[in-house]
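What follows is a single structure, written as structure tokens, with notes after it.
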Amino acid sequence: MRIPEQVKRLAIVIGVLVALTLVARFVLIPRSLTSTSLHWSLTTQRESAKPVKFAGSTACQDCHDDIAAKKAKSFHRVLACEGCHAPSVKHAEDPSAAKPVIPRDRTTCARCHAYDPSRPTGFPQINLTTHNPLKSCSTCHNPHDPVPPKVPKECAACHAQIERTKAVSSHALLTCTTCHKAPERHKTAPRTALPSKPDSREFCATCHGQGRAGTPKEAPKVDIATHGARNLCWECHYPHLPEGRP
Amino acid sequence: MNKREFLKGAVVFIPAAGVLGAVARHAAGKETAAKEPAAKQPAAAPNAKNGYEPSAHYYGMGIDIDKCIGCNLCAVACKVENDVPDEPFYFRTWVERYTITRDGEVSVGNISLGTAREPMREPVQDAREVVRTFFVPKLCNQCQKPPCVQVCPVNATFTTQDGVVIIDAERCIGCRYCIQACPYGQRYLHPKTRVADKCTFCLHRLVKGLQPACVEVCPTQARIFGDLRSHASRLVRFRRLNKLHVLKPQLNTDPKVYYANLDGEVR
């Protein structure tokens with residue numbers, strides 16, 4: 001049977017149209033636009049491939065095991081290293097390539113410890129303006145193991161030189177507080193609460209005054225009215241090492 | 001065949017070709033979707049847990065209001081990790097301060113609005129008048145019935161198998177429907193890319209076995225992250241031990257961010 005010419009041509013035209021549709025459909029339109037599951041998995045992959053910036057605390061442990069071990073037992077055990085040292089994934093991959101920030105300024109600690117009424121009660125907070133101003137917090141608190149520094153009982157903890165000097169002097173048996181009235185706060189905030197110092201010749205006279213009542217027997221006596229009369233006693237005798245022959 | 005017949009034929013055949021194509025596409029799509037992901041998996045990061053299987057996880061977050069100290073590290077870390085613009089008003093997560101006064105007035109401030117270094121510390125009202133004051137971290141609730149997903153006209157946003165609502169930045173047309181639709185205000189239009197952006201639970205960290213950045217830096221474990229499918233996860237224990245609330249439960253969005261010790265005033 002002879003196929004009419006028109007039908008042949010029509011078949012060709014339809015064939016071309018179908019071919020065009022298929023090309024458009026499968027070549028021009030990306031598959032992810034037509035397949036939801038493909039689109040979703042591609043998007044998820046793209047999202048998952050984004051770079052990480054915080055290496056995570058476990059990454060630091062490998063090399064800084066001493067600090068990590070110390071911190072793990074401290075009040076700061078839950079804190080992330082990178083919370084203070086800034087994101088450091090580059091440093092963790094190659095320590096010489098990048099250095100983490102070392103936050104010595106007071107604002108780093110203040111972020112968490114400055115007093116704020118909305119903070120849960122019991123969280124340790126300080127008044128930033130009065131708590132040892134101007135000094136970096138890490139001079140007194142170890143950032144990796146912060147404890148309130150133990151309040152020293154002895155004056156010697158901070159005045160070791162004077163204590164050693166006095167210990168070998170004739171004033172060895174006198175306690176510091178015989179001559180200095182030290183407020184308790186001097187031990188926690190030394191500069192804001194200074195102890196008293198003897199301010200007159202009369203003070204030394206209470207033990208060394210000739211012919212006075214109540215002076216200790218073993219203290220050598222001088223005539224206060226005439227002995228070195230124009231000067232304060234400690235301009236000639238160092239009170240922490242008072243030797244008879246200066 | 002005359003012109004009339006030709007046109008008639010065409011009217012029948014072209015849609016027929018379309019139907020054929022659609023059938024073919026459906027089959028092809030299914031096939032490639034099944035094969036492609038495995039082939040195109042990005043090279044695993046060195047510390048990646050090998051063989052991350054999305055369907056094995058279902059993520060959620062717990063927030064313990066009693067533990068939040070409002071240090072704002074979470075909001076800062078999130079911006080760094082996810083390239084969220086530095087300017088205030090663009091957030092994937094932030095911290096709110098609630099202050100409830102004696103006359104029942106509730107005021108809410110966003111403390112994350114300051115600069116990265118100095119969070120906003122607006123003075124709290126007359127202390128004698130304040131009954132309660134506390135911080136509330138906010139982030140995408142990763143709803144199980146997300147209204148934002150339903151409204152997207154181009155299918156650019158969806159829930160992954162591990163339960164995270166994400167956006168295809170390449171398909172999003174920036175129409176802002178989803179931003180309007182989110183009852184928690186968790187989406188914003190990224191000023192550079194001009195597409196919607198939101199919290200992803202740091203999906204790129206999860207696949208490598210890391211925690212989301214906000215959880216990583218939280219100093220008090222006020223944020224608890226975990227897998228609802230795993231019985232050993234901290235989140236599951238947190239859910240067992242606390243009386244939980246979700247935000248705006250009446251909207252039936254079924255959030256996966258669970259708050260413990262939440263005050264009734266929090267919206």
Side-chain angles (χ1 to χ4, degrees), chain A residues 4-7 9-10 13-14 17-22 24-26 29 31-59 76 78-80 82-84 86-87 93 107-108 111-114 116-120 123 125, chain B residues 1 6 9-10 13-14 17-18 20-21 24-25 28-30 32-33 36-37 40-42 45 47 54 66-73 77 80-81 97-99 117-119 121 124 127 130 133-135 155 158 160 166 168 171 200 203-205 207-208 210-211 213 216-221:
Chain A
E5 183 65 12
Q6 295 96 318
V7 174
R9 291 204 187 152
L10 189 57
V13 170
I14 289 168
L17 280 175
V18 168
L20 277 179
T21 315
L22 289 178
R25 179 59 199 69
F26 290 108
I29 302 177
R31 269 179 303 179
S32 68
L33 204 65
T34 52
S35 154
T36 307
S37 47
L38 179 61
H39 167 229
W40 287 6
S41 68
L42 286 178
T43 306
T44 312
Q45 273 168 32
R46 223 174 14 242
E47 192 63 44
S48 307
K50 286 187 175 163
V52 161
K53 284 162 192 153
F54 285 85
S57 289
T58 43
H76 275 174
V78 185
L79 273 67
E82 290 162 296
C84 292
E93 273 161 13
T107 52
T108 307
R111 174 189 278 288
C112 294
H113 287 294
D116 186 312
S118 306
R119 293 205 155 134
F123 185 80
Q125 296 164 66
Chain B
M1 182 188 262
F6 171 80
F13 269 97
I14 291 175
L20 266 174
R25 149 192 19 159
K30 261 199 186 141
T32 41
E36 203 101 345
K40 278 211 183 156
Q41 203 76 50
N47 56 349
D66 277 359
K67 289 195 177 158
C68 180
I69 60 168
C71 68
N72 200 37
L73 270 183
V80 175
E81 182 71 28
R97 181 206 296 278
Y98 272 72
T99 310
R117 287 251 98 219
E118 285 290 329
R121 294 250 176 257
V124 177
V130 175
T133 168
F134 49 87
F135 295 108
N155 242 335
F158 59 94
T160 62
I166 64 172
D168 181 356
R171 185 173 288 188
T200 60
L203 189 63
H204 60 297
R205 298 176 63 83
V207 298
K208 299 182 181 75
L210 297 166
Q211 301 229 300
E216 174 72 36
V217 299
C218 180
T220 57
Q221 297 184 333

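Since this is a predicted model, take the numbers as computed values, not measurements. Convention: sequence-line order gives letters A, B, ...; per-chain numbering from 1.
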Checking B:Thr220 now: which residues fulfil side chain to side chain donor-acceptor pair (under 3.5 Å) with it, not counting sequence neighbours?
none
Whether the side chain of B:Glu81 engages the backbone of A:Phe54 through a donor-acceptor N/O pair (distance < 3.5 Å, no angle test) should be reported.
yes
Residue selection (most heavy-atom pairs with chain B, distance under 4.5 Å) from A:Leu79, A:Thr36, A:Val78
A:Val78
Spacing of NE2 belonging to B:His204 relative to CD1 belonging to B:Ile166, to within rounding of 0.5 Å
12.0 Å
Side chain, backbone, both or neither: which part of A:Pro4 has a non-hydrogen atom closer than 4.5 Å to chain B?
neither
Under 4.5 Å from a heavy atom of chain B, the part of A:Phe123 involved
side chain
Value for CG (A:Asp116) from CD1 (B:Ile69), rounded to nearest 0.5 Å, stands at 9.5 Å
Sort B:Asp66 into side chain, backbone, both or neither according to what part of it lies under 4.5 angstrom from a heavy atom of chain A.
backbone
Nearest-0.5 Å distance, SG of residue B:Cys218 to CD of residue B:Gln211:
10.5 Å
Most contacts with chain B, counted as non-hydrogen pairs under 4.5 angstrom, among A:Lys50, A:His39, A:Glu5
A:His39
Does any heavy atom of chain B fall under 4.5 Å from the side chain of A:Arg9, the backbone, both, or neither of them?
neither
Between B:Leu73 and chain A, with a heavy-atom cut-off of 4.5 Å, which part of the residue counts as in contact: side chain, backbone, both or neither?
both
Give a yes or no answer on whether the side chain of A:Glu82 reaches the backbone of B:Val217 with a donor-acceptor pair at less than 3.5 Å.
no
